[in-house]
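Presented below is the structure to which this report refers.
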Protein chains: 2
Amino acid sequence: MPDQTASSGHRAAPVHRDPDQVPVETALSALADPVRIQLIRELAGDADWTRSCGSFDVPVGKAALSHHFTVLRAAGLVEQRDQGAKRVNRLRRAEFDARFPGLLALVLRPEHPA
Amino acid sequence: MPDQTASSGHRAAPVHRDPDQVPVETALSALADPVRIQLIRELAGDADWTRSCGSFDVPVGKAALSHHFTVLRAAGLVEQRDQGAKRVNRLRRAEFDARFPGLLALVLRPEHPA
DNA sequence: CGAAGTGTATGATTCTCATCGAACACCAGG
DNA sequence: CCTGGTGTTCGATGAGAATCATACACTTCG
């Protein structure tokens, strides 16, 4: 009977970085990619811990997707948690916004004025 | 006897792009480079039209420097004007900030306290 | 005019990064 | 236990970016 806190296992454990320790240049280059921008936007649209990595509609394979999440974690933009077989995500809104005020808003903002 | 408005000549004329027509991704990748960040920072420290392209203390050659300015122009970050033999620069603070509020501030902000 | 200074254009080189395919590890369910 | 689903890792590939050295165009000044 599986524990309700789930994940009794010992797995790789995703490497996170606190937004406070992220250089500006890293944050900018993390967001300067169309695929990652789309990930952030979709992630912002749903509640925390409701989206698994594979649930995003992006035009890349699994390997590339995994890479993008690594970049996002290293930039302090997303947090990941293992939930059973899946790895679920959370956008670190408050923390990231405290470190880089307004930056997330620019990316989440609806595209092209005209 | 040189005209006081200077530049009687017919030269290449630098290609500019209005910040309103710049995609977010372009702005971010333009600022996601250490050399260009330094250029923006130095440029912000002095008055408009007082800095020529060669007056920046960056660890790259002339060709690469010229390339970086091309990128900055295409991102709507700087404006250039020919003044005699030199090409002088101006940071498009207001216009760029109107298009991407807060972004320039993040880059100009003093680097991580610790 | 000739020389020196400033910036651009071109071509080649190097590096980084995004991507894929395949192999592997882990979890859940029959 | 075996199978299908999820995600990571590895190696290789390709595209794009940054850089340099050289050559060129234009300006200014002697």
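Just so it is clear: chains get the letters A, B, ... in the order the sequence lines come, proteins before strands, and each one is counted from 1.
Across A:Gly76 and A:Pro19, no two heavy atoms sit closer than the pair O-CG, 3.5 Å.
Qualifying side chain to side chain contact (heavy atoms under 4.5 Å, CB included) partners for A:Arg41, counting only residues two or more places apart in sequence or in other chains: A:Ile37, A:Leu108, A:Glu111. Shown here are the salt bridge (Lys or Arg N to Asp or Glu O under 4.0 Å) partners of B:Glu95, two or more places apart in sequence or in another chain: B:Arg90, B:Arg92. Shown here are the side chain to side chain contact (heavy atoms under 4.5 Å, CB included) partners of B:Pro23, two or more places apart in sequence or in another chain: B:Thr26. Among residues two or more places apart in sequence or in another chain, the side chain to side chain contact (heavy atoms under 4.5 Å, CB included) test is passed with B:Ala27 by B:Val22, B:Phe96, B:Phe100, B:Leu103. Every residue meeting the side-chain hydrogen bond (donor to acceptor under 3.5 Å, both in side chains) condition with A:Arg73, not counting sequence neighbours, appears here in chain and number order: A:Gln80. With sequence neighbours left out, the side-chain hydrogen bond (donor to acceptor under 3.5 Å, both in side chains) criterion links A:Asp46 to A:Arg51.
If you measure from atom NE2 of A:His67 to atom P of C:dT16, you get 14 Å, rounded to the nearest angstrom. If you measure from atom CG of B:Leu72 to atom P of D:dA18, you get 10 Å, rounded to the nearest angstrom. Rounded to an integer number of Å, the gap from B:His68 NE2 to D:dG16 P is 19 Å. Remark: P of D:dA25 and CG of B:Asp82 are 17 Å apart, rounded to the nearest angstrom. Here the C1' atom of nucleotide C:dC17 and the CD atom of A:Glu25 are 14 Å apart, to the nearest Å. Regarding A:Phe69, its CZ atom lies at a distance of 13 Å from the C1' atom of D:dT8, rounded to whole Å. Put simply, CZ on A:Phe56 is 13 Å from C1' on D:dG7, counting in whole angstrom units.
As a member of the Ile/Leu/Val/Met/Phe/Trp/Tyr network built from side-chain separations under 4.5 Å, A:Val15 groups with nothing else and remains a singleton. Through side-chain heavy atoms spaced under 4.5 Å, either directly or across other Ile, Leu, Val, Met, Phe, Trp or Tyr residues, B:Val88 is tied to B:Trp49.
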Is there any protein nitrogen or oxygen under 3.5 Å from a nitrogen or oxygen in nucleotides 10-13 of chain C, and what are the pairs?
none

Identify the pairs formed between an N or O of the protein and an N or O of nucleotides 5-7 of chain C at a distance under 3.5 Å, and give each distance.
unit_1 : atom_1 : unit_2  : atom_2 : d
C:dG7  : OP1    : B:Cys53 : N      : 3.0
C:dG7  : OP1    : B:Arg87 : N      : 3.4
C:dG7  : OP2    : B:Gly54 : N      : 2.8
C:dG7  : N7     : B:Lys62 : NZ     : 3.4

Output a table of donor-acceptor pairs, distance under 3.5 Å, between side-chain atoms of residues 59-69 of chain B and any protein atom two or more places apart or on a different chain; print 'none' if there are none.
unit_1  : atom_1 : unit_2  : atom_2 : d
B:His68 : ND1    : B:Arg36 : NH1    : 3.1

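The side chain of A:Ala64 lies closest to C:dT19 when the candidates are D:dT19, C:dT19, D:dT8.
In the region residues 32-40 of chain B, proximity to DNA chain D at under 4.0 angstrom, judged on heavy atoms, holds for B:Asp33, B:Val35, B:Arg36.
The backbone N or O of B:Ala94 lies less than 3.5 Å from no partner atom in the side chain of B:Arg99, so there is not a single donor-acceptor pair.
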